[in-house]
Novice: 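First the structure, which I've put down as structure tokens, then a few questions once you've had a look.
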Amino acid sequence: MVKERKFLILLLALLMISVLPGSRTAMAQSWQALPPYNLMWPLWSPVLSPPDPVTGIPTPLISELSRNTILPVQPVLAMNPYGVASPMGDIFPYLFYNSPGGVVFFDMIYGLNPWPPASFLDSTGAPIPLTLPPDFTFYAVPTWRLSIEYQYFVDLANLSYLIGYGNALGVNPSSLLTYSDIWGLPVI
């Protein structure tokens, strides 16, 4: 009887040790909606959402993403879950930059354009927020299998920005975030 009880307590302790840390990681939020358009902001990127010094919870660098937002780093990344898909099925994010006329964004189809696109505004010019799925905060982080494709995407966006605005504004190319800064080292 005593042996059975010790075995059950040991089994319960092992179960708690294995389940609790896994459930916290599995339930960690990957994204946060950023007003006024409800684009998904990455909480998984320490450079874009540094951990709060007290709580350790990732906190976005900016509180909203509008035409007049001043970006502290460039580019910043935000995701439209209904956006353009790659040939492999992953959705490409938007990359945002500062410009004299306000925020500009890069997407894979249209290149570099002023933010927001016309499809994000109603007839009066007011923002139309995206309707995000209830579980959007746990939306998968872009997969590593597309690392070369994403590296190209970030490099192309940075080059487009430098040609369109950066050189005229005196932006140092090395000040722009790279793929590795945003996602970590690539898997080749």
Novice: Among L156, V154, D155, exactly one meets side-chain contact (heavy atoms from CB on, under 4.5 Å) together with Y152. Which residue is that?
Specialist: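 For Y152, the side-chain contact (heavy atoms from CB on, under 4.5 Å) check succeeds only for L156.
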Novice: Mind checking whether L130 and Y37 have side chains closer than 4.5 Å, heavy atoms only?
Specialist: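 No, their side chains stay 4.5 Å or more apart.
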Novice: Using atom types as modelled and distance alone, determine if a side-chain donor or acceptor of T69 lies under 3.5 Å from a backbone N or O of E64.
Specialist: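 Here the side-chain-to-backbone pair exists.
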Novice: Please check this pair: side chain of D52 against backbone of I57, looking for a donor-acceptor N/O pair closer than 3.5 Å.
Specialist: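 Side chain of D52 to backbone of I57: no pair is present.
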Novice: Short question: side chain of W41, backbone of V76 - any donor-acceptor pair under 3.5 Å?
Specialist: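 No.
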Novice: Of L39, I182, L77, N80, which meets side-chain contact (heavy atoms from CB on, under 4.5 Å) against P93?
Specialist: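 Output: one option passes, namely L77.
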Novice: If only side-chain N and O atoms count, and only distance matters, is there a donor-acceptor pair under 3.5 Å linking N172 with S174?
Specialist: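 Result is yes, a qualifying pair exists.
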Novice: Whether the side chain of Q32 engages the backbone of L43 through a donor-acceptor N/O pair (distance < 3.5 Å, no angle test) should be reported.
Specialist: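 Not confirmed, Q32 side chain does not pair with L43 backbone.
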Novice: On a heavy-atom basis, which atom in L132 and which in A33 lie closest, and how many Å separate them?
Specialist: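 Taking every non-hydrogen atom into account, CD1-CB, 3.8 Å.
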Novice: Less than 4.5 Å apart, any side-chain heavy atom of N158 and any of P75?
Specialist: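 SC-SC contact between N158 and P75 confirmed.
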Novice: Please enumerate all residues that pass ring-ring contact (aromatic ring centres under 6.0 Å, His included) together with Y97, with sequence neighbours excluded.
Specialist: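 Y97: ring-ring contact (aromatic ring centres under 6.0 Å, His included) contacts with Y161.
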Novice: Without swapping roles, check the side chain of D135 against the backbone of F138 for a donor-acceptor pair under 3.5 Å.
Specialist: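 Looks like no, no N/O pair under 3.5 Å.
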Novice: Mind checking whether F106 and F153 have ring centres under 6.0 Å apart?
Specialist: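 Judged by ring-centre distance (under 6.0 Å), F106 and F153 do meet the cut-off.
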